[in-house]
Structures are given as structure tokens and as C-alpha cells.
Amino acid sequence: MENIDCEKFDYVIIGAGCAGLASAQYAARGGLSVLVLDVAGAGGQVLQISELENYPGVFPAVDGATYMMTMQKQAEAFGAKVVQAQVISIDKTGGNFMIKTKKAAYEATCLCIATGAIHRNLEVPGEKELSGRGVSYCATCDGPFFRNKKIVVVGGGDSACSEAIYLSTLSSDVSIIHRRDKFRAQQAVIDKMLNAGVKPVYDSVVKEIKGEGRVQSVIVENVKTGEQTELTTDAVFIFTGMLPQTELVDMLPKDPAGYIITDENMETSVPGLFAAGDVRSKPFRQVVTAVSDGAIAAHVASERIRNA
Ligand code: NAP
């Protein structure tokens, strides 16, 4: 990368999910020059939500893609620039941040990491081989292929239970396999899932996904008895948690699960460097908390820039 101009912004945000775009909107509306960089364009995990039903004030529910498109338009309407590009390095020189992509370089007074998290794999035989052939990590994307078919969901958190609810609208034969006897999800979500007729398989793990060219069954082991059974299914939807995307800022202090530690202003141990949304260490990861993180980071960055 030679002889490329370096564009300067007050505030650069890496990640155009709901934390990043909320931060962009607040910062741009507050008068900062704002750039958002994202390798895949606007969206993030919210794109996989079929019905966003718990965001206060958004009622009736909207789908994640519509919600994110509106967020991007809103941030851009206040003057934020959203660019699709992969950031390859971040440096701090002379008090400012230097952000490089393959084709461009940017300088920022303040920088916000809003890179979110990606899904965790189950790491069992058959998972990789049958991925896209019945193994899926996105119910909204792949659920309609399995209308009126047998469906297995793996996991016990909000994602697994929410997506099982959605899948139960497509098929009356949805089972959810969870490794403990209690779901981790919010109680309202669990109740709704059980009322929708999703069949819970407690204290059990998937040991193998089997099939010739497409998913045909899973081997399930009861963790208390060790007994293994084969459950026929057409699809396996895996929602076993997330891995924070922190590669660009590996030097920052993180919690034991790998999430970036910030103070209540969303500021990391590096002055002017913020983290917002699912990449940050916190007790509750929701769209509403990601948006809140983004707004706080933008507000504190604005104050910092104004008082410099
Ligand atoms: P999560 O809350 O970390 O849940 C992951 C689930 O997968 C847990 O139940 C865990 O079991 C299970 N698990 C982990 N590794 C496993 C393995 N190797 N084999 C079998 N099971 C395994 O992740 P999430 O559901 O993706 O949610 C991530 C965050 O987003 C959460 O903070 C959640 O509240 C939020 N979220 C909110 C909504 C909503 O409000 N509508 C929707 C989606 C996500 P254990 O319980 O035994 O640990």
C-alpha cells in the first residue's frame, strides 16, 4: 500500500452493527466527522433476527435487516460515512489513531471498536462436512428450506430459544438439545418456546452429525447417564454462543472469556480508544445494550474532542 492519502476524521468506528451505527449516529449528530468501517457492510448479528420484538418503542416487531437498514440511513442522514472495507491494522501515533485498510488509511482522534462477536462451532464430526447441507447457524437464512421437516436446535441461550420459536412457525417437529437441565435464556423466551411446542432434550449433547450429502440424524449423549441415542432430523441449527472479535486490539486487557474490558464510559485502557456492543465485557448482551454502549462512547468521545 503506497502513496495513498490519509483521510482524517474526529471519530472512526470499526464495525457497522447496532453498537457501531448507534455510535455513528450520536457522534455525527453531535457535530463530529464520523467514519464507520465494516468488512461486510452494515448489519452484524442483528441481520439474523427474524423478529426484533423486545426493542423498546419498536412495535410491532420488525425483522433485523429492516432495522439495520434504517439505522444506517439514520446515521448517514446525520452525516456519518459508512465504508465497506476490512481494517488490517490500528496504531496510535502522536496521540491519534492510524487505521489502515487494504486500499486506504485513516486518522482518527478517537476510535471505537464495535466488531461484535461471531458464532461458536460445535466442533463435532459431521458439522463442517454438512455445513450448508442441513447444518446452519442462521434460522432466518436457512429455516425456510426445512418447512414441515424435522429440525434440531442446539444450545440453551436466548439465541437458541428465540430461533427455536421462529423455527416452530415453519415446522411442528422442532427439538432443542441443551447440555443442562435449565435453559440460560430469559424466562419469557423459554416460556414462549415451550408454549410453541418445541420439544426440550435436557442434559444432552450432540456427539456427531450424520448424513450422506445432507443431514439425516444426530447422535445425542445424555451427560448424566452416558447413554447415546440416534435422533433422525433434516436440519441442525447451532446456537452455542459467541466469540468476541478482538484480533485488531489483542493488546487490550480482556476478561476470562476474551471480551474487552472498558470503564462505564466505554473507554478501554488506552485513552480515546472505546469499545461498544458485544465485543465488550458486560453482563447483558442485547440490541438495546449495544445501542446504549454506542451512544455513551460517542458522547464521551465528543466531550474528549471538544475539551482537547
Ligand atoms: P449464550 O447466552 O452464551 O448461550 C449459549 C448457549 O449454548 C448456552 O446455553 C450454553 O450452555 C450452550 N453451549 C455453549 N457451548 C456449548 C457446547 N459446546 N455444546 C452445547 N451447548 C453449548 O449465547 P447466545 O444465546 O448466542 O446469546 C449471546 C448474547 O446475545 C446473550 O447475552 C443473549 O442474551 C443475547 N441475545 C439476546 C436475544 C434477545 O433478547 N432476543 C437474542 C439472541 C441473543 P450453558 O447454558 O450450559 O452454558
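First listed ligand is number 1; within each ligand, the first listed atom is number 1. Just the heavy atoms: all of them, side chains too, but no hydrogens, waters or symmetry mates, feed the values below. Keep in mind it's a predicted model, so treat the numbers as computed, not measured.
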K.L.:
Hey, could you give me each pair passing salt bridge (charged side-chain N to carboxylate O under 4.0 Å, His left out) that has a residue in residues 43-53? Not counting sequence neighbours.
P.N.:
E53-K192
K.L.:
For the pair D158 and R285, find out whether any cationic side-chain nitrogen is under 4.0 Å from an anionic carboxylate oxygen.
P.N.:
no
K.L.:
Can we say K100 and D91 salt-bridge, meaning some charged N sits less than 4.0 Å from an Asp/Glu carboxylate O?
P.N.:
no
K.L.:
Treating T115 as the side-chain partner and Q245 as the backbone partner, does any N or O pair qualify as donor plus acceptor under 3.5 Å?
P.N.:
yes
K.L.:
Whether the S23 and Y11 side chains hold a donor-acceptor pair (N or O, under 3.5 Å, no angle test) is what I'd like checked.
P.N.:
yes
K.L.:
When you look for protein heavy atoms under 4.0 Å from ligand 1, which residues do they belong to?
P.N.:
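N54, R120, L122, G155, G156, G157, D158, S159, S162, H178, R179, R180, R184, Q186, F239, T240, G241, M242, R285, Q286.
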K.L.:
Between Q216 and E212, does any side-chain donor sit less than 3.5 Å from a side-chain acceptor?
P.N.:
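Result is no, nothing qualifies.
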